Trainee: 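The structure follows.
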Amino acid sequence: MPELPEVETIRRDLAHAVVGRAITAVEWLDARIVRGDVEGAELAARMVGRQGAAVARRGKFLVWRFTSGEGLLLHLGMSGRLTVGPRSDEAWPRHTHLVVALSSGAVVRLVDPRRFGRVAWLAAPAAGPGGMGPEPLSPRFTAESLGRILAGRRAPIKAVLLDQRRVAGLGNIYVDEALFRARLHPARPAGSLGAREVGALHRAIRRVLRDALADRGTTFMDYRDAHGQRGEHAAHLGVYGRAGQPCRRCGAPIVRVVVAARGTHLCARCQPAGAHGGSDTEVSGRRG
DNA sequence: AGATGATCCTGTATGC
DNA sequence: TGCATACAGGATCATC
């Protein structure tokens with residue numbers, strides 16, 4: 001499923017194709033994926049003639065910004081693919097929901113079998129999607145800010161990390177990977193982490209995301225980049241999708257449990273449930 | 001306020 | 001072999 005590294009990879013590919021290019025036609029827009037105040041036909045009409053200014057990313061959202069100051073908000077859900085390529089005479093793939101023709105002759109396509117993805121018209125894309133937590137790869141995301149996010153919360157740390165209002169861009173794969181790297185059990189209450197553990201988690205989140213980005217994302221099943229190519233990071237995952245296989249660190253079998261209503265992969269030896277970090281000082285009390 | 005659960009959706013995997 | 005069912009999960013909305 002597209003998380004921050006996958007969406008960022010697509011953002012870069014898409015930016016090359018659409019910045020400085022005008023939209024000449026919206027050849028197809030399935031109204032069922034359109035959200036927001038502007039409905040499908042009107043949204044398609046508004047896109048035609050707009051010129052691409054930039055492609056931005058916020059968490060797992062993409063914003064196709066136009067020189068007009070407006071923009072198109074895109075989310076790929078679980079199975080969404082956003083591709084760019086030459087116009088083709090071949091039939092569109094099943095579950096094609098959006099086809100946009102550009103002045104370059106290229107065509108942008110959104111294909112999403114499970115249809116959890118969505119598009120929406122943005123009158124002022126500078127605002128972008130609101131209510132989201134910090135970008136984990138930005139300098140503003142520090143161990144201290146992560147500590148404030150986790151402090152006092154009794155919810156499992158995995159639930160907090162998956163919550164886009166707390167930290168933007170993490171999904172099931174990279175939360176499991178980051179917790180493994182930081183040697184933290186996903187069901188630990190978020191507020192129970194000591195300062196040293198928070199620091200380890202902060203480093204792990206950034207390292208995991210950077211490594212995956214360098215590999216152009218993780219392809220498990222659906223994900224492809226904007227050129228239809230697979231990401232290469234799956235071969236380097238520590239725990240996700242590796243249930244029953246030996247831990248790369250200690251050799252114990254990776255187990256799959258359910259935490260925060262999500263399939264969760266961990267090494268029970270490296271990530272003990274009761275660990276509290278020895279002399280570490282617990283982060284507690286009020287946030288802010 | 002904050003956390004949990006249901007909902008959407010279809011391809012894939014499992015069970016009988 | 002074939003059919004039916006369970007399962008996967010990101011975000012949103014309703015309900016504790």
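As the structure is a prediction and not an experimental result, all values here were calculated from the model.
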Trainee: Just checking, is any N or O donor in the side chain of His265(A) or Asp176(A) under 3.5 Å from an acceptor N or O on the other one?
Mentor: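 There is such a pair between these side chains.
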Trainee: What is the distance from CG of Asp163(A) to C1' of dT12(C), rounded to the nearest Å?
Mentor: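 Atom CG in Asp163(A) sits about 12 Å away from atom C1' in dT12(C).
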Trainee: dA11(C) C1' sits how many Å from Leu74(A) CG, rounded?
Mentor: 15 Å
Trainee: Report the distance from atom CD1 of Ile157(A) to atom C1' of dA3(B), rounded to the nearest whole Å.
Mentor: 16 Å
Trainee: For Arg224(A) and dG11(B), give me the distance from atom CZ to atom C1', rounded to whole Å.
Mentor: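 Interatomic distance, CZ of Arg224(A) to C1' of dG11(B): 14 Å.
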Trainee: Expressed in angstrom and rounded to an integer, what is the separation of Glu6(A) atom CD from dG9(C) atom C1'?
Mentor: 14 Å
Trainee: Using the side-chain heavy atoms of Arg256(A), tell me which of these nucleotides is nearest: dT4(B), dG2(B), dG9(C).
Mentor: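 When the side chain of Arg256(A) is considered, dG9(C) is the closest of dT4(B), dG2(B), dG9(C).
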Trainee: Students often get this wrong, so: under 4.0 angstrom with heavy atoms, is Arg262(A) touching a base, only sugar-phosphate, or nothing?
Mentor: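 Base contact.
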Trainee: Examine the base of dG11(B) for any acceptor or donor lying under 3.5 Å from a partner atom in the side chain of Arg94(A), and report the outcome as yes or no.
Mentor: no
Trainee: Less than 4.0 angstrom between a side-chain N/O of Gln164(A) and OP1 or OP2 of dG10(C), yes or no?
Mentor: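 Looking at the OP1 and OP2 atoms of dG10(C), neither is under 4.0 Å from any side-chain N or O of Gln164(A).
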Trainee: Is the phosphate of dT10(B), meaning OP1 or OP2, less than 4.0 Å from a side-chain N or O of His95(A)?
Mentor: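 For His95(A), the contact criterion (side-chain N or O under 4.0 Å from OP1 or OP2 of dT10(B)) is not met.
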Trainee: Which one, dA3(B), dA11(C), dT10(B), comes nearest to the side chain of Arg114(A)?
Mentor: dT10(B)
Trainee: Just the rounded figure in Å: distance from C1' of dG10(C) to CD1 of Ile33(A).
Mentor: 15 Å
Trainee: Hey, which sits more toward the 5' end of DNA chain C by its nearest nucleotide, Gly263(A) or Arg118(A)?
Mentor: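 Counting from the 5' end, the first nearest nucleotide belongs to Gly263(A).
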Trainee: Going by the angle between their ring planes, with limits at 30° and 60°, are His75(A) and Phe61(A) parallel, tilted or perpendicular?
Mentor: perpendicular
Trainee: Counting the atoms with a prime plus P, OP1 and OP2 as sugar-phosphate, which does Arg35(A) contact under 4.0 Å by heavy atoms, base, sugar-phosphate, or nothing?
Mentor: nothing
Trainee: Are Arg207(A) and Glu177(A) close enough for a salt bridge, meaning some N to O gap below 4.0 Å?
Mentor: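 No, this pair does not count.
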Trainee: Nearest whole Å is fine: how far is dT4(B) P from Arg166(A) CZ?
Mentor: 11 Å
Trainee: Out of dT4(B), dG9(C), dG11(B), which nucleotide sits closest to the side chain of Pro156(A)?
Mentor: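 My answer, after comparing the listed nucleotides, is dT4(B).
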Trainee: Quick check, does Phe116(A) stack with dG10(C)? I mean ring centres under 5.5 Å and planes off by under 30°.
Mentor: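 Whether judged by distance or by angle, Phe116(A) passes, so it stacks on the base of dG10(C).
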Trainee: Check this one for me: any side-chain N or O of Arg115(A) less than 4.0 Å away from OP1 or OP2 of dT10(B)?
Mentor: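 Answer yes for this pair, as a side-chain N or O of Arg115(A) is under 4.0 Å from OP1 or OP2.
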Trainee: Side chains of His236(A) and Asp215(A): do they bring a donor and an acceptor to under 3.5 Å?
Mentor: yes
Trainee: Please report the distance, rounded to the nearest Å, between CD in Glu3(A) and C1' in dG9(C).
Mentor: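 Taking atom C1' of dG9(C) as the reference, CD of Glu3(A) is at 10 Å.
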Trainee: Does the side chain of Arg216(A) reach to within under 4.5 Å of the side chain of Gln229(A), using non-hydrogen atoms?
Mentor: no
